[in-house]
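Here the structure is a predicted model, which means the values were calculated and not measured. Read the numbers this way: they start at 1 and go in the same order the structure lists the ligands and their atoms. By convention here, the first residue in the shown sequence is residue 1.
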Amino acid sequence: MPSIQACLFDLDGVIVDTAQFHYIAWREMAQDLGFDLTREENERLKGISRMESLEIVLSIGGVQLSDEEKLRRAAAKNTRYLELCMQMTPDDALPGVRHFLDELKQNGIPSGLGSASKNAKAILERIDMLHYFDTIVDGNRITKGKPDPQVFLMGAADLSVPAAHCAVFEDAVAGIQSAKAAGMLAVGIGEASVLTEADIVIPGFENFGLPQLENI
Ligand code: BG6
Ligand code: MG
């Protein structure tokens, strides 16, 4: 691989485990509409925007809503999600990620955030990690969601680094597809059996640093 000059990070499931809160909030909405949402079904929502996630959840339950009611439900889900997120503290960053971001900073390698979330900045502030990122590309900036490469291409452009010299850290299948479509090195965070299109899959940032990245 060409040497890595910038690292782009997904937020949910890579920097912090907010997936559990998305799941609780979507599941409560589903139950309110009369059906359940399993953890397995919740996997399909990872990396997918709020409104697209809503459509998937409604299709799982076979429920149809008016556009107005969809917006109301999505807003209510987000209020509940943020209420759950506000329980987080800086200790909730996933193990090893802060150390890896420090290592990048010390070596002059810029970091960017590439997330579908419209809550990205608020969550990074909550866990005191906003200052690590030289650019934030979030759900408020993108017009095409993952698996489209836009989110990571915008991050690379912001950092003035060619795509081929960027590494992406992602826990979602759609996010890995987005990174590969952008022509970047895709490091999966999770299980190799799920993230089959990643260049390499690691369980997390413990025991992972620049030497390991350079060896991929
Ligand atoms: C992604 C999550 O990071 O952000 C998805 O993996 C979520 O589950 C998406 O739907 C949008 O998040 P938000 O915070 O804008 O509702
Ligand atoms: Mg994610």
Side-chain angles (χ1 to χ4, degrees), residues 7-30 37-60 70-88 92-94 97 111-127 129-130 133 136-152 154-155 167-180 184 186-191 194-195 197-198 201-205:
C7 289
L8 301 170
F9 295 82
D10 173 49
L11 175 68
D12 297 314
V14 172
I15 304 288
V16 67
D17 183 19
T18 44
Q20 49 171 333
F21 299 141
H22 279 297
Y23 177 50
I24 292 171
W26 282 129
R27 191 177 186 204
E28 285 178 2
M29 184 200 81
L37 184 71
T38 65
R39 279 196 180 274
E40 205 169 51
E41 285 162 343
N42 184 61
E43 281 297 308
R44 290 170 56 191
L45 312 179
K46 287 189 177 173
I48 304 299
S49 76
R50 194 179 310 161
M51 291 312 287
E52 283 175 283
S53 297
L54 174 73
E55 295 292 350
I56 294 172
V57 176
L58 294 177
S59 74
I60 287 167
K70 282 180 189 171
L71 288 173
R72 199 189 67 75
R73 289 279 178 179
K77 180 266 171 183
N78 194 51
T79 301
R80 176 70 177 128
Y81 170 68
L82 286 177
E83 187 183 289
L84 293 164
C85 284
M86 287 310 126
Q87 302 167 4
M88 292 191 301
D92 284 299
L94 285 169
V97 69
S111 299
L113 194 87
S115 169
S117 174
K118 293 187 171 176
N119 298 305
K121 278 188 188 165
I123 287 168
L124 286 174
E125 268 169 10
R126 182 82 206 157
I127 56 169
M129 291 186 75
L130 187 58
F133 297 95
I136 305 272
V137 185
D138 63 10
N140 300 298
R141 282 184 69 191
I142 57 174
T143 53
K144 295 177 213 158
K146 299 167 186 178
D148 190 278
Q150 186 192 45
V151 62
F152 294 124
M154 280 172 88
V168 170
F169 296 86
E170 252 296 347
D171 71 317
V173 172
I176 294 290
Q177 290 168 341
S178 170
K180 292 317 297 174
M184 299 178 181
V187 182
I189 307 291
E191 288 175 30
V194 177
L195 304 174
E197 294 166 61
V201 179
I202 58 174
F205 291 97

Asker: Applying side chain to side chain donor-acceptor pair (under 3.5 Å), can you list everything that pairs with Arg141, at least two apart in sequence or on another chain?
Answerer: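 Scan of Arg141 (side chain to side chain donor-acceptor pair (under 3.5 Å), adjacent residues dropped) gives Asp158.
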
Asker: Where do Gly112 and Phe133 come nearest, in terms of heavy atoms and distance?
Answerer: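 Answer, listing the atom of Gly112 first, then Phe133: C-CD2, 3.6 Å.
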
Asker: Between Ser53 and ligand 1, which part of the residue brings a heavy atom under 4.0 Å of the ligand: side chain, backbone, both or neither?
Answerer: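 The answer is the side chain of Ser53.
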
Asker: Tell me if the NZ atom of Lys121 is crowded by more than 12 foreign heavy atoms within 6.0 Å.
Answerer: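 Atom NZ in Lys121 is not packed in, count stays at 12 or less.
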
Asker: Please tabulate, one pair per line, all N/O donor-acceptor pairs under 3.5 Å involving side-chain atoms of residues 81-88, not counting sequence neighbours.
Answerer:
from	atom 1	to	atom 2	distance (Å)
Tyr81	OH	His22	NE2	3.2
Glu83	OE2	Arg80	NH1	2.6

Asker: Does anything in residues 9-26 pair up under salt bridge (charged side-chain N to carboxylate O under 4.0 Å, His left out), and if so which pairs, sequence neighbours excluded?
Answerer: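 The answer is Asp10-Lys146.
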
Asker: Which of the atoms of ligand 1 are close to Lys46, meaning less than 4.0 Å from one of its heavy atoms?
Answerer: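 Result: 6 (O).
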
Asker: To which of Ile48, Asn119, Leu45 does the heavy atom nearest atom 9 (C) of ligand 1 belong?
Answerer: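 Among Ile48, Asn119, Leu45, the closest heavy atom to atom 9 (C) of ligand 1 belongs to Ile48.
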
Asker: Identify the two heavy atoms, one from Lys46 and one from Ala174, that lie closest to each other, and give their separation to 0.1 Å.
Answerer: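 What the structure gives for the nearest pair is O-CB, 4.5 Å.
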
Asker: Please walk me through it: do Ile189 and Ile202 pass side chain to side chain contact (heavy atoms under 4.5 Å, CB included)?
Answerer: CA-CA 5 Å; Ile189 307 291; Ile202 58 174; 3.7 Å; yes

Asker: Between Val16 and Ile127, what is the shortest heavy-atom contact and its length?
Answerer: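 Heavy-atom minimum between the residues: CB-CD1, 4.0 Å.
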
Asker: May I ask you to identify the nearest protein heavy atom to atom 1 (C) of ligand 1, giving residue, atom name and distance to one decimal place in Å?
Answerer: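 The closest heavy atom on the protein side is Asp12 OD2, 3.2 Å.
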
Asker: Could you name all protein N, O or S atoms found under 2.8 Å from the Mg ion (ligand 2)?
Answerer: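 Listed by chain and number: Asp10 OD2, Asp12 O, Asp171 OD1.
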
Asker: Can you name the closest pair of heavy atoms from Trp26 and Ser53 and give their distance?
Answerer: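 Looking at all heavy atoms of both residues, the shortest contact is CZ2-CB, 3.6 Å.
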
Asker: Give the residue, atom name and distance (to 0.1 Å) of the protein heavy atom nearest atom 12 (O) of ligand 1.
Answerer: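 Atom 12 (O) of ligand 1 sits closest to the protein heavy atom Ser117 CA, 3.4 Å.
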
Asker: Which residue and atom name correspond to the protein heavy atom nearest atom 15 (O) of ligand 1, and how close is it?
Answerer: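 Of the protein heavy atoms, Lys118 N, 2.7 Å lies nearest.
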
Asker: Taking a cutoff of less than 4.0 Å between a non-hydrogen atom of the residue and any ligand atom, is Leu11 in contact with ligand 1?
Answerer: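 The answer is no, since Leu11 has no heavy atom less than 4.0 Å from ligand 1.
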
Asker: Starting from atom 16 (O) of ligand 1, what is the nearest protein heavy atom, named by residue and atom, and what distance separates them?
Answerer: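 Atom 16 (O) of ligand 1 sits closest to the protein heavy atom Arg50 NE, 2.8 Å.
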
Asker: Tell me whether Glu55 at atom CD has more than 12 heavy atoms from other residues, nucleotides or ligands lying less than 6.0 Å away.
Answerer: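 Yes, enclosed.
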
Asker: Can you list the atoms of ligand 1 that are under 4.0 Å from a heavy atom of Gly47?
Answerer: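 Matching atoms, with element in brackets: 2 (C), 5 (C), 6 (O).
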
